[in-house]
Peer 1: 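First the structure, then my questions, so here it is.
Atoms considered below: every heavy atom in the structure, side chains included; atoms not considered: hydrogens, waters and symmetry mates. Order of the sequence lines sets the chain letters (A, B, ...), proteins ahead of strands, with each chain counted from 1.
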Amino acid sequence: MEKILELSHLGKSFGNHIVLRDINFSVKKGDVISVIGASGSGKSTMLRCINLLETPTSGEILFHEKNIISKNNDIPSYRSKVGMVFQSFNLFSNMSVLENCIVGQVKVLKRNKEEAKEKALQFLTKVGMEPYIHAKPRQLSGGQKQRVAIARALAMEPEVLLFDEPTSALDPLMVGEVLNVMKTLALEGLTMIVVTHEMSFARDVSNHVVYMDDGYIVEEGSPKQLFSEPTQEKTKAFLATILSEK
Amino acid sequence: MISEMNFFGRILYILQSYGLSYLTGAGTTLLIALVSTVIGCLIGFAVGVIQTIPIQEGNERTPATFLLKFCQMILHAYVELFRGTPMIVQAVFIYYGLAQIWGVQLGMWQAAFLVVSINTGAYMAESVRGGIISIDPGQMEGAKSIGMNHFQAMTSVILPQAFRNILPQIGNNLIINIKDTSVLSVISIVDLFFVHKSVSGALYTYFESASIVMLIYLTMTITVSRLLRLLEKYLDGSENYELADCMDIGNQMHKKGA
Ligand SMILES: Nc1ncnc2c1ncn2[C@@H]1O[C@H](COP(=O)(O)OP(=O)(O)OP(=O)(O)O)[C@@H](O)[C@H]1O
Ligand SMILES: [Mg+2]
């Protein structure tokens, strides 16, 4: 399969605090990659680097073989192809659900209003939020907000969609509705990188799991490999604690 | 004979003789306050937006960054200068200063609008800056994550929210301006306060004229604050939302498809 994204020797530090040390991995079209690891291991920072919300301090990020960290790269146009779903939703609070899903298409992709509205409705229907198009974000539950955020990202028709703990801010009851949407997207072949603490998602939905610790990728592989036959001591210890919590 | 009247008699007399002057004065006051507040807001938004442009990591030493920093420094000086000095002095300073140093003779109207606008602009710049940085950074990140540039994120996401949040301060500024145009009499603007001074000077009816003028100022400021409340309500939209009719959505999509 075609390689979409490749991180090569990616490093990031804040001042003299090194958060990412040497990250290497690649994403092929249709991959659903789960990123797991302890709190503070650098998972969010890695995702934010991929979306250039943080500027990496070393290494390369290749998108279709082009280094997007280079100076003359058009960052907004790159970002429109790599969507992001945040733990805290970040829906635009001054807009209705429908406007949230339209504004990017009109301003960034220069689609006309009609076409954008049609696309927005299509994806809002997909996440089951089409009855709420007139609502403002503050009038929605967490799970509903997150589904709208997913529709907003999908409406840009990105090549890769990044999720940073999309269910961590939700009540247990609402986790399911968001995970179900993500499962559907995975089955439909959307390329996704998902930072998650939901081990069932990592094991059952993704085709590749990455375990991070202290700014390194300690181990990666298929869910079966990683969960049943981990080779690294750190991975075993992490899995032991996290699975015993359940 | 006016000395033989009682309080209300005198008020009535003043109103009969000078009612129109008061109204014209009030009109002048309101005109200067409204126009200058609007222009001041525009200045304030422009300045506030420029002052919150972030310097990109890795671009600290480019000429563009240098230019930006330079602009921000000048604007900062502008804000300090016009917030930190009384408007009455600014009026004299600009009206006579421009004439003496650059030979620019402003009309008193131009001077009035200019002084009140840039004074308001200095206050608004700080309000706008505060309004912008108080918006959850997640809003900017959400906008960037779908590919908006800084300017698009500002105009579609951040500023509408900041505007709503600082609307009470805009109202404050408007009310302050309605009252503070009274200092413009130093450059011979015939506003409400100027009319009061002339009338009470001519008739020696300070208290009566002041009562009338107090009432007119109060009417203007209360009306303005009521209108702004309505605007706030309107911007907040309805507390409820209607569930969209799914059939309707289906039809819309169908029509487009056909
Ligand atoms: N803007 C920043 N400035 C300084 N340090 C930061 C910044 N952002 C993150 N860090 C540090 O980077 C480290 C990794 O943070 P990161 O958010 O990537 O961890 P994480 O793996 O996503 O953790 P969690 O599971 O809790 O979300 C932490 O030690 C954090 O304090
Ligand atoms: Mg995180």
Peer 1: Taking side chain as C-beta onward, heavy atoms only, is B:S156 less than 4.5 Å from A:M95?
Peer 2: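 Yes, their side chains come closer than 4.5 Å.
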
Peer 1: Return the option, out of A:N100, A:I75, A:L109, A:L91, with the maximum number of heavy-atom pairs under 4.5 Å with chain B.
Peer 2: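 Ranked by heavy-atom pairs under 4.5 Å with chain B, first place is A:L91.
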
Peer 1: Pick whichever of A:K107, A:H134, A:Q139 has the most heavy-atom pairs under 4.5 Å with chain B.
Peer 2: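 Of the candidates given, the most pairs with chain B belong to A:Q139.
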
Peer 1: Output the distance between atom CZ (A:R138) and atom CG (B:D236), rounded to the nearest 0.5 Å.
Peer 2: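 So the CZ of A:R138 and the CG of B:D236 are separated by 6.5 Å.
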
Peer 1: Sequence neighbours left out, what passes salt bridge (charged side-chain N to carboxylate O under 4.0 Å, His left out) with A:K119? Give chain and number order.
Peer 2: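 Counting only residues at least two positions away or on another chain, A:K119 forms a salt bridge (charged side-chain N to carboxylate O under 4.0 Å, His left out) with A:E157.
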
Peer 1: Let me know which of A:Q105, A:M84, A:M156 forms a side-chain contact (heavy atoms from CB on, under 4.5 Å) with B:I146.
Peer 2: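 Option passing the side-chain contact (heavy atoms from CB on, under 4.5 Å) with B:I146: A:M156.
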
Peer 1: Taking all heavy atoms of A:S93 and all of B:Q161, pick out the closest pair and write down the distance.
Peer 2: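 The pair with the smallest heavy-atom distance is OG-OE1, 3.2 Å.
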
Peer 1: Decide if atom NZ of A:K145 counts as having more than 12 heavy atoms of other residues, nucleotides or ligands within a radius under 6.0 Å.
Peer 2: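 Count over threshold, so yes.
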
Peer 1: Are there more than 12 heavy atoms of other residues, nucleotides or ligands under 6.0 Å from atom CZ of A:F14?
Peer 2: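 Yes, because the 6.0 Å sphere around CZ of A:F14 holds more than 12 heavy atoms from other groups.
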
Peer 1: If you define the side chain from C-beta out and look only at heavy atoms, does anything of B:P160 sit under 4.5 Å from A:F92?
Peer 2: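 In short, these two side chains do not touch, never coming nearer than 4.5 Å.
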
Peer 1: Measuring from B:L243:CG to A:I133:CD1, what's the distance to the nearest 0.5 Å?
Peer 2: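 It is 10.0 Å, given to the nearest 0.5 Å.
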
Peer 1: Would you say that more than 12 heavy atoms from the other residues, nucleotides or ligands in this model lie under 6.0 Å from the NE2 of A:H64, or not?
Peer 2: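 Enclosed.
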
Peer 1: For A:E188, is the CD atom crowded, meaning more than 12 foreign heavy atoms sit under 6.0 Å from it?
Peer 2: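 Correct, the count exceeds 12.
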
Peer 1: Heavy-atom pairs under 4.5 Å with chain A - which of B:M148, B:K144, B:R164, B:Q152 has more of them than the others?
Peer 2: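 Option with the greatest count: B:K144.
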
Peer 1: For the NZ atom on A:K66, are there more than 12 heavy atoms of other groups (residues, nucleotides or ligands in this structure) within a distance under 6.0 Å?
Peer 2: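 Atom NZ in A:K66 is crowded, with more than 12 foreign heavy atoms closer than 6.0 Å.
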
Peer 1: Is it the backbone or the side chain of A:N94 that comes under 4.5 Å from a heavy atom of chain B, or both, or neither?
Peer 2: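 Contact with chain B: backbone and side chain both.
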
Peer 1: Please look at A:V85 and chain B and tell me whether the side chain, the backbone, both or neither of the residue comes under 4.5 angstrom of a heavy atom of that chain.
Peer 2: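 For A:V85, there is no contact with chain B at all, as no heavy atom is under 4.5 Å.
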
Peer 1: Side-chain atoms of residues 33-51 of chain B: list all donor-acceptor pairs with protein atoms under 3.5 Å, sequence neighbours left out, distances to 0.1 Å.
Peer 2:
unit_1	atom_1	unit_2	atom_2	d
B:S36	OG	B:I32	O	2.6
B:T37	OG1	B:A33	O	2.5
B:T37	OG1	B:N177	ND2	3.0

Peer 1: Quick check on B:E141 against chain A: is it the side chain, the backbone, both or neither that has a heavy atom closer than 4.5 Å?
Peer 2: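 B:E141 touches chain A through backbone and side-chain heavy atoms alike.
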
Peer 1: Donor-acceptor pair, B:Q139 side chain versus A:N90 backbone, under 3.5 Å?
Peer 2: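 Not confirmed, B:Q139 side chain does not pair with A:N90 backbone.
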
Peer 1: Identify the heavy atoms of A:P76 and B:N149 that sit nearest to each other, and give their distance.
Peer 2: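 Distance-wise, the nearest heavy atoms are CG-CB, 4.2 Å.
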
